[in-house]
Amino acid sequence: MVRPQPLKSHLTALFQHAASQFAQAEHLSIELERPKQASHGDFACNVAMQLAKALKRNPREVAQAIISSLPASDLVEKTEIAGPGFINIFLKPAAWQNVAPQTLRAGNAYGSGELGQGLKVQIEFVSANPTGPLHVGHGRGAAFGASLANLLAHAGYQVQREYYVNDAGRQMDILALSTWLRYLALGNQFVPFPANAYQGDYVSAMADSIFALHGDRYMRPAADVVSDLPDAAGDPDGHLDGLIANAKRLLGADYAYVHGHAMEEQLGDGRNDLTEFGVIFDCWFSEKTLHESGLIDKAVKQLQQHGHIYEQDGALWFRSTAFGDEKDRVVLRENGIYTYFAADIAYHLNKFERGFDRVIDVWGADHHGYISRVKGALTAAGADADRLTVALVQFAVLYRNGQKAQMSTRSGQYVTLRELRAEVGNDAARFFYVLRKSDQHLDFDLDLAKSQSNDNPVYYIQYAHARICSVLSSWGGNEAELAEADITRLDHPQELALLRRIAEFPDTVNAAARDLAPHSIAYYLKDIAAELHALYAACQFLVDDEELKLARLSLIAAARQVLRIGLGLLGVSAPERMSREENARDADASNQNRA
RNA sequence: GCGGUCGUAGCUCAGAUGGAUAGAGUAUCGGCCUCCGAAGCCGAGGGUCGUGGGUUCGAGUCCCGCCGACCGCACCA
């Protein structure tokens, strides 16, 4: 709602009026762009070139005609025709000066837009299987999703953040089995631990805690556990499934305890990790409830009624090829258990039924082939698949000492999100994760992220904020009065450059929200920090001239406001002072190299 | 093989609806602290935007071919 200045619409109206002399202009929308070069003015308009073709006239002539009939404006200094027919517009300082008080009055709402129009949007992200600690790949999804959610909220959407808990299915059974096998070993019931079970130390830790809590209540003879199994070498998956079946049979009702304990431990661990990372969810949605509530039956029946389900080889198939998929997909297996895909159809139909105007899924890029399938199913069920947007996030590759820090999931030797946060800190992690376009591979430079030098963009931006705080603190006056300061003295080129940058923020937020691109906020913050630092070097703020002093302080207070909001969108703190000492422990952590 | 994503400075990457001389950081080189925090500022060099065509007043951006990289192609999740 808070537009700092109707500046652009004011100028657009001027051009609309001037262009109306040409009949062809009625269907034309006037576009004003910010030229890259300062010598091209504050804004440039290309309407003359667009009109020239239809009019069959020289674009520069058309430009001249438009300029001649531009209504007078007290904000415009001058206009000129340039290049092939651009009209460059130079504004008076007054056009920009009001940006400072307007920003201050808007407060935390500055830059919040009307793009979302109060529409309800749900963003689902992370949604990692609770089968072990979150790793650095999940971290990127978490940072991206959380920043995107903040961004959409600032752009005027009502946002709900959701985590889909995959608490049903084979992976969870494997985790439960892995835990139980470690537990059995504590009672000297040794079963060879399968290579395709979960190897991590956290599994043994869970077994320890079950043993400590319940002693040998869940102990069973190893000989029974391994009875009647396919060979582990020849059929590893069959071997594993056999173990799971034996576990369920031998434990009976107790299996649910082991399964639930493991799931809750891992889910709780992930939740703590994310909370410390500043990533908070409004809703944790259980996949299991979809099975239990009959929503999956209902979804499949819905598809069936529309004639998109057929039976073959004892399974039920969804004819997804009718909706652009490469092959048809099974929804109900031969063994009577629904596939993950079937649950996902029900889940997405349920999202729509919960009243969201828009649904955004954040997925790992390796799932891109899954999109057409889900959208096809939604269409087949009679839903509007266009309300679903899938944002893909590519994997992050860590670099340390210029070399790739390899992670191999099989051996359980991967860098966890918790380790990353401990090494570089939450602020650097959040910032570096969203510094790249989400659908691009990310090279995460650990050394740069934790460096306390000017190389580090996080510190560069935070320092700009801290510098402003420091100046205002030295001044010691009443900051609330700065919004009322007389700002007509602001005319230094560097002051105007900063004002222009502040004025861009609302457009930047809207564009970033529209494109689901929080990285552009990160780039914007680097830009505004650069303008602030340049101004800091060019002008002194605490000068004797009281009027000039207040004007400049109001300007940097406005810059601080934008820095705070922008850093907040990315989940990065805006410290009032920078301290090197605090980071000493991080330096220690970095010495502990992983193999 | 089929489908998808991508190729921009030595390196890491930005480049909204097609716009003027393609930008930033880093690295390299040279300057700036009696003054609000030098985690800063100013300047220099560095490019066939993978490649060949096409569309038009205008293409890094849109279309096609080729080369190269990555991802996906389960009754896993």
Say we look at [N] and [M]: how far apart would their [atom1] atoms be, to the nearest angstrom?
N      : M      : atom1 : value
B:rA24 : B:rC71 : P     : 33 Å
B:rU61 : B:rA20 : C1'   : 16 Å
B:rG7  : B:rU12 : P     : 13 Å
B:rG68 : B:rU51 : C1'   : 10 Å
B:rU55 : B:rA59 : P     : 11 Å
B:rU8  : B:rU48 : C1'   : 12 Å
B:rG43 : B:rG53 : P     : 39 Å
B:rG10 : B:rC2  : C1'   : 37 Å

- RNA chain B nearest-nucleotide lookup for A:His519 and A:Phe43: closer to the 5′ end is A:His519
- Item | Pairwise 5' ranking along RNA chain B for A:Gly83 and A:Asn335, keeping only the more 5' one | A:Gly83
- Would you find more than 12 non-hydrogen atoms of other residues, nucleotides or ligands less than 6.0 Å from A:Glu576 atom CD? no
From C-beta outward on [X], which listed nucleotide comes closest to its side chain: [options]?
X        : options                : answer
A:Phe541 : B:rU12, B:rC36, B:rA77 : B:rC36
A:Met578 : B:rC75, B:rA39, B:rA16 : B:rA39
A:Glu287 : B:rA77, B:rC75, B:rC41 : B:rA77
A:His533 : B:rC41, B:rA74, B:rG72 : B:rC41
A:Tyr463 : B:rA39, B:rC36, B:rU17 : B:rA39
A:Tyr523 : B:rC36, B:rC13, B:rA20 : B:rC13
A:Arg436 : B:rG19, B:rC71, B:rA14 : B:rA14

Tell me the interatomic distance from [X], atom [atom1], to [N], atom [atom2], rounded to whole angstroms.
X        : N      : atom1 : atom2 : answer
A:Asn456 : B:rA39 : CG    : C1'   : 9 Å
A:Asp344 : B:rA77 : CG    : C1'   : 9 Å
A:Gln171 : B:rC75 : CD    : P     : 15 Å
A:Asp366 : B:rC71 : CG    : P     : 10 Å

- Task: Any pair with a residue in residues 521-533 of chain A that passes side chain to side chain donor-acceptor pair (under 3.5 Å), sequence neighbours left out, goes on the list, sorted by first then second residue, please.
- Result: A:Arg436-A:Tyr523, A:Arg467-A:His533, A:Arg501-A:Glu531
Output yes when at least one side-chain N/O atom of [X] is less than 4.0 Å from OP1 or OP2 of [N], else no.
X        : N      : value
A:Thr339 : B:rC75 : no
A:Arg467 : B:rA38 : yes
A:Tyr536 : B:rA38 : yes
A:Lys327 : B:rC75 : yes

- Query: Nucleotide by nucleotide, 5' to 3', does protein get under 4.0 Å of the base (B), only the sugar-phosphate (S), or neither (-) in nucleotides 2-11 of chain B, counting heavy atoms?
  - Reply: -BS-S-----
- Query: Is there a donor N/O on one and an acceptor N/O on the other, under 3.5 Å, for the side chain of A:Asn88 and the base of B:rA20?
  - Reply: yes
- Determine whether any donor atom in the side chain of A:Asn46 lies under 3.5 Å from an acceptor atom in the base of B:rG19, or the reverse, and answer yes or no. yes
- Between NZ on residue A:Lys248 and CG on residue A:Leu177, distance to nearest 0.5 Å: 10.5 Å
- Item | Nearest-0.5 Å distance, OH of residue A:Tyr370 to CZ of residue A:Phe341 | 6.0 Å
- Are the side chains of A:Leu11 and A:Phe43 in touch, meaning some heavy atoms are under 4.5 Å apart? yes
- Message: I want to check something: taking the side chain as every heavy atom from C-beta on, are A:Phe432 and A:Asn456 in contact at a cut-off of under 4.5 Å?
- Response: yes
- Item | Which nucleotides of RNA chain B pair, in dot-bracket form (Watson-Crick or G-U under 3.5 Å, | meaning another strand) | (((((((..((((.....[...)))).(((((.......))))).....(((((..]....))))))))))))....
- Task: Would you please classify the geometry between the A:His291 ring and the A:Tyr338 ring as parallel, tilted or perpendicular, with 30° and 60° separating the classes?
- Result: tilted
- Task: Given salt bridge (Lys or Arg N to Asp or Glu O under 4.0 Å), test A:Glu326 with A:Arg373 step by step and report yes or no.
- Result: CA-CA 9 Å; A:Glu326 298 164 354; A:Arg373 208 178 308 176; over 6 Å; no
- Where does B:rC71 land, syn or anti, given syn is within 90° of 0? anti
